[in-house]
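Structure, as structure tokens:
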Amino acid sequence: MTTSTLPKSRQQLILAVLMVCSLLIWLDNTVLSTTLETLADPVHGLNASPAELQWATGSYTLAFATLMFTAGALGDCFGHRAVLATGLVVFAASSVWAAYAGDAGQLIAARAAMGVGSALIMPANLAILMWTFTGPARSTAIAMSSTSAGVGMAVGPVLAGVLLDHFWWGSVFLVNVPVVVLALIGVALLVPNFRSPVVRPLDPAGMLLSITGLAALAYGLIRAGQVAAWGRTDVWAPIVVGPILLAVFVRVELRSKMPSFDPRLLAQRAFGGGNVALGLLLFAVSAVTFYNAFYLQGTRGYSPIEAGLASLPTAFGAFFGAPVGARLVHRWSSLRLVAVPALTVAALTMGTYGLFGLGTPLVRIEIVLLVQGLSIGMVIGPVTAALISTLPLERAGAGSAVTNTVRQTGSVIGIVVGGTIMSIVYRRAIEPSLDGVLGPVREQARVSAEQARHAATTSHLPALGHAADDAFVHAMHVGAVWIMFIALLGAAVLLLALRSVRKPAAAGGEPEPARDGGPTADAAAPRAGADARPVREGDDVGTR
């Protein structure tokens with residue numbers, strides 16, 4: 001592969017711009033988690049039900065997951081800078097829409113539009129990074145870029161808490177606009193319009209099948225948490241149809257000569273298994289984050305700023321866990337010896353939510369969150385760097401889209417399943433406490449703990465509020481056990497996936513067997529893209 005022709009100083013400035021773009025996405029995710037309790041409030045929010053909050057979170061992730069591979073193809077066709085800038089504009093405009101949404105339905109639609117913007121941003125962001133840097137500098141840039149996730153996780157909850165304490169809930173979305181303006185200036189001044197020499201066609205059939213399949217599955221699972229009888233057609237039919245459509249999607253992509261989403265990449269043990277493990281981890285992280293938002297602000301009664309500060313240990317842990325994990329992988333020459341135990345510890349910390357109650361000391365919660373963040377960072381950082389660096393350079397857009405699509409799919413299913421478990425178990429737990437409660441109040445209390453507390457306050461029934469807290473804690477305990485087992489499954493998959501990983505070959509030599517679970521990343525990527533050259537604005541695509 002040819003060495004990057006960009007000056008080193010410009011490379012570093014481009015990396016800073018890309019980190020701002022990535023920060024935007026992570027900032028928005030963590031800001032929303034702190035806002036969920038406020039959005040559920042009938043007075044200060046939108047009176048959103050648990051299902052509507054699942055959709056407000058899930059619609060963003062759904063659009064994000066299903067449009068990324070199409071965005072990668074758009075970047076190859078029109079240039080990754082152009083797609084990145086378009087994504088930033090869409091994200092800013094939909095943030096303004098979300099900020100002034102008049103009801104939960106409008107918020108859900110605006111969040112879906114924000115997901116479209118993120119889907120355009122992420123693959124282009126990663127592709128530009130891979131074109132800008134080569135060799136060992138690329139792995140370093142990937143690792144540095146991943147720190148923006150930790151910064152977003154740290155800043156987001158606190159920023160949301162400050163805004164919610166002083167302004168209305170829509171301010172947490174408006175904060176995205178100045179960040180987008182800053183990023184657009186950097187993109188326009190610094191980033192070349194890299195394009196792949198191999199132009200992939202768009203894939204409207206694949207896009208339609210993936211969106212409808214995942215949306216149908218999500219709808220059925222969320223609906224299952226709202227109704228008592230699962231035999232209803234609006235529950236089982238979408239749950240059945242969704243996977244069928246996704247299977248057809250995979251079959252269509254396998255038959256395509258140039259698929260936008262290439263399932264063959266997932267057939268490779270290391271790449272496929274690593275992505276599945278990260279998808280299961282993101283499933284668990286999304287579900288437990290959804291629970292934690294309601295536990296801290298609703299059940300424990302913390303203000304938004306207090307809840308944001310209480311969540312900081314997770315963010316700091318993830319921020320420092322990524323470089324610690326990378327150093328350990330380098331020292332021990334084994335990704336498996338670092339990532340698998342870390343993922344196991346992360347799973348156990350999620351199971352610890354099953355021990356949290358109304359009177360659990362805050363310091364105990366903070367210790368668990370810190371360990372959880374450290375372990376998650378030690379998995380996501382090194383494993384992502386290893387997977388991305390094995391991608392062929394000319395497939396940067398498509399390959400990174402596969403990685404991100406699997407992870408975001410895990411996130412949306414985690415939110416859906418975690419929220420559905422919470423709704424079902426809560427409703428069953430609160431039912432015995434509703435004997436003798438009047439009809440309208442009874443129905444309101446069945447919806448969610450937030451609705452029950454509001455009904456208890458307006459109807460002067462303090463016992464109902466206490467019962468709602470107890471029912472929610474029980475639901476969180478049950479959900480935490482399921483989440484822990486899902487994350488442990490991810491650790492088992494990662495253990496098997498990394499068994500076949502080999503060390504990079506020395507220059508001019510054949511690959512040598514690695515020590516158990518040794519990383520492949522850093523030298524594999526230059527070989528994969530040895531014949532590729534970045535195509536920039538003004539170049540004749542297809543010529544060398």
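Just so it is clear, the model here is predicted, and its values are computed rather than measured. We number each residue from 1, following the sequence as shown.
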### Query
Are Met484 and Leu488 side-chain neighbours, meaning at least one heavy-atom pair lies under 4.5 Å?
yes
### Message
Could you check whether any side-chain heavy atom of Trp97 comes within less than 4.5 Å of a side-chain heavy atom of Met114, counting everything from C-beta outward?
### Response
no
### Summary
Sorted by chain and residue number, the side-chain contact (heavy atoms from CB on, under 4.5 Å) partners of Ile486 (sequence neighbours excluded) come out as Leu280, Phe283
### Query
Does a side-chain heavy-atom distance below 4.5 Å link Ile108 with Tyr60?
no
Please tabulate, for the side chains in residues 337-344, all donor-acceptor contacts under 3.5 angstrom to protein atoms that are two or more places apart in sequence or on a different chain.
| unit_1 | atom_1 | unit_2 | atom_2 | d |
| --- | --- | --- | --- | --- |
| Thr344 | OG1 | Val340 | O | 2.9 |

### Query
Under the 3.5 angstrom rule, does the side chain of Glu366 hit a backbone N or O of Pro313 as a donor-acceptor pair?
no
### Query
Is there side-chain contact between Leu36 and Thr57, with heavy atoms separated by less than 4.5 Å?
yes
### Message
Could you check whether any side-chain heavy atom of Ser334 comes within less than 4.5 Å of a side-chain heavy atom of Val329, counting everything from C-beta outward?
### Response
no
### Message
If I take atom CD1 from residue Ile25 and atom CD1 from residue Ile121, how far apart are they, to the nearest 0.5 angstrom?
### Response
5.0 Å
### Query
For Leu278, which of Val493, Val383, Val406, Leu494 qualifies under side-chain contact (heavy atoms from CB on, under 4.5 Å)?
Val383
### Message
Does any part of the side chain of Leu67, heavy atoms only, come nearer than 4.5 Å to the side chain of Ile211, both counted from C-beta?
### Response
yes
Contacts table for residues 371-381: side-chain donor-acceptor under 3.5 angstrom, sequence neighbours left out:
| unit_1 | atom_1 | unit_2 | atom_2 | d |
| --- | --- | --- | --- | --- |
| Gln372 | NE2 | Thr349 | OG1 | 3.4 |
| Ser375 | OG | Val371 | O | 2.9 |
| Ser375 | OG | Gln372 | O | 2.9 |

### With Val83 via side-chain contact (heavy atoms from CB on, under 4.5 Å) - residues at least two apart
Leu74, Leu120, Ala124
### Task
For Arg407 and Gly279, indicate whether the former's side chain and the latter's backbone hold a donor-acceptor pair under 3.5 Å.
no
### Query
Any side-chain heavy atom of Val250 within less than 4.5 Å of one from Leu254?
yes
### Message
Among residues at least two apart in sequence or on other chains, which ones pass side chain to side chain donor-acceptor pair (under 3.5 Å) with Ser95?
### Response
Asn176
### Task
Could you tell me which residues satisfy side chain to side chain donor-acceptor pair (under 3.5 Å) with Ser210, sequence neighbours excluded, listed by chain and number?
none
### Task
Would you please classify the geometry between the Trp168 ring and the Tyr100 ring as parallel, tilted or perpendicular, with 30° and 60° separating the classes?
tilted
### Query
Should we say atom CZ of Arg327 is surrounded by more than 12 heavy atoms from elsewhere, each under 6.0 Å from it?
no
